[in-house]
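Notes to accompany the following structure.
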Amino acid sequence: MATATTILLFFIVLPFQLHPRFAKADSNFIQKTCKATKFYDLCVSSLKSVPTSQNADAKGLATIMIGIGIANSTATSSYLSSQLLSSGAARTNDVVLKKVLKECADKYGFAADALQSSAQDLEAESFDYAYLHVTAAEDYPSACRNAFRRFPVLAYPPELARREDGLKRICDVVLGIIDNLGW
């Protein structure tokens, strides 16, 4: 009887240990997880830079990347707000530039909010909603770029283009990880 119980427990617990959603991360697990994303190098370097990633399962790795995305979008929102105060807009009374910078700061703030919602969705194992919120966060920078396009006299700042690309790449990594959570 004890042997049958042991064998039964073995076959019940084994799938949880082998399924990537429940497996604990190590360097090989992080690499394997990141291979499912569009930006492998970004994924690996980002996750390895966070010590807790070594003990995380796939859902935990997605949550860590979401945290990196929140930090990125919040920093960009703060950067844009600082540009409102220190740029030519503050010195020259350029109403259009002030309006666009404010709109962009707001969009990056909304991206951070969407990523925060996706972290809550992951915790609740609502993977479809998590995916939706990450996709929204990925799209907010495009709204900022479009705000600059509405006013041809305004050039899209190279620093903002770099930050936009960074957030979009981070979101792509998160989406790749969520795709493999088995929802």
| said: So does Ile68 get a backbone contact from the side chain of Asn72, meaning a donor-acceptor N/O pair under 3.5 Å? | reply: no
| What's the spacing between Asp57 CG and Thr63 OG1 if we round to 0.5 Å? | 8.0 Å
| message | Working note: Leu167 + Leu115, criterion side-chain contact (heavy atoms from CB on, under 4.5 Å); need CA distance, chi angles, decisive distance, verdict. | response | CA-CA 11 Å; Leu167 180 59; Leu115 288 169; 4.2 Å; yes
| task | Please determine if Asp172 and Lys168 form a salt bridge, counting it only when a charged side-chain N lies under 4.0 Å from a carboxylate O. | result | no
| query | Can you name the ring-ring contact (aromatic ring centres under 6.0 Å, His included) partners of Tyr156, sequence neighbours left out? | reply | Phe148
| field | ring-ring contact (aromatic ring centres under 6.0 Å, His included): pairs with one or both residues in residues 94-118, sequence neighbours excluded | value | Phe110-Tyr140
| Sequence neighbours excluded, every pair satisfying ring-ring contact (aromatic ring centres under 6.0 Å, His included) that has a member inside residues 41-77 | none
| said: Testing the basics here: between Val100 and Ala147, what is the closest heavy-atom pair and its distance to 0.1 Å? | reply: CG2-O, 3.9 Å
| salt bridge (charged side-chain N to carboxylate O under 4.0 Å, His left out) partners of residues 34-45, not counting sequence neighbours, each pair once | none
| Would Ile64 and Val44 show up in the same hydrophobic cluster when neighbours are defined by side-chain heavy atoms closer than 4.5 Å? | no
| query | When you check the gap from the basic side-chain N to the acidic O, do Asp106 and Lys102 get nearer than 4.0 Å? | reply | yes
| Contact list for residues 104-156, test disulfide bond (SG atoms under 2.5 Å apart), sequence neighbours left out | Cys104-Cys144
| Test item: Tyr131 and Asp179 side chains (from C-beta on) under 4.5 Å apart, heavy atoms | yes
| said: So, using side-chain hydrogen bond (donor to acceptor under 3.5 Å, both in side chains) as the criterion, who are the partners of Ser126 when residues are at least two apart? | reply: none
| Residues Glu138, Leu175; criterion side-chain contact (heavy atoms from CB on, under 4.5 Å); working and verdict | CA-CA 10 Å; Glu138 184 178 33; Leu175 293 172; 3.6 Å; yes
| said: Could you go through Leu42 and Ile170, starting from their C-alpha distance and side-chain angles, then the distance that decides it, and tell me whether this counts as side-chain contact (heavy atoms from CB on, under 4.5 Å)? | reply: CA-CA 8 Å; Leu42 172 66; Ile170 291 166; 4.2 Å; yes
| Quick check: are there more than 12 heavy atoms from other residues, nucleotides or ligands sitting under 6.0 Å from CD of Glu159? | yes
| field | Contacts of Asp113 that satisfy side-chain hydrogen bond (donor to acceptor under 3.5 Å, both in side chains) - sequence neighbours left out | value | none
| Any side-chain heavy-atom pair from Leu47 and Thr33 closer than 4.5 angstrom? | no
| query | Can you tell if the side chain of Thr135 reaches within under 4.5 Å of the side chain of Asp139, non-hydrogen atoms only? | reply | no
| message | Side chains of Ser77 and Lys107: any donor to acceptor distance under 3.5 Å? | response | no
| field | Counterpart residues, side-chain hydrogen bond (donor to acceptor under 3.5 Å, both in side chains), relative to Asp121 (two or more places apart) | value | His133
| remark: Value for CD1 (Ile177) from CG (Leu181), rounded to nearest 0.5 Å, stands at 8.0 Å
| note | dist Leu80:CG -> Leu101:CG (nearest 0.5 Å) comes out at 6.0 Å
| request: Please test Asp94 against Lys98 for salt bridge (Lys or Arg N to Asp or Glu O under 4.0 Å), starting from the C-alpha separation and ending with a verdict. | output: CA-CA 6 Å; Asp94 188 339; Lys98 284 181 182 179; over 6 Å; no
| ring-ring contact (aromatic ring centres under 6.0 Å, His included) contacts touching residues 39-83 (sequence neighbours left out) | none
| query | About how many Å separate CG of Leu160 and CZ of Arg162, when rounded to the nearest 0.5 Å? | reply | 10.0 Å
| task | Can you tell me which residue pairs pass the disulfide bond (SG atoms under 2.5 Å apart) test with a partner in residues 39-83, sequence neighbours excluded? | result | Cys34-Cys43
| field | Nearest-0.5 Å distance that lies between atom OG in Ser117 and atom CD1 in Ile66 | value | 10.0 Å
| said: Between Ser53 and Leu61, does the side-chain contact (heavy atoms from CB on, under 4.5 Å) criterion hold? Intermediate values first, please. | reply: CA-CA 6 Å; Ser53 68; Leu61 295 178; 3.8 Å; yes
| said: Under the salt bridge (charged side-chain N to carboxylate O under 4.0 Å, His left out) definition, can you give me all pairs with a residue in residues 142-155, not counting sequence neighbours? | reply: Glu103-Arg150, Arg145-Glu164
| remark: What one should report as the nearest heavy-atom pair of Ser118 and Ala130 is CB-O, 3.5 Å
| request: Indicate yes or no: at least one non-hydrogen side-chain atom of Phe127 is less than 4.5 angstrom from one of Lys59. | output: yes
| field | Residue pairs, two or more places apart or on separate chains, that pass salt bridge (charged side-chain N to carboxylate O under 4.0 Å, His left out) and touch residues 62-86 | value | none
| query | Heavy atoms, side chains only, cut-off 4.5 Å: are Val96 and Lys99 in contact? | reply | no
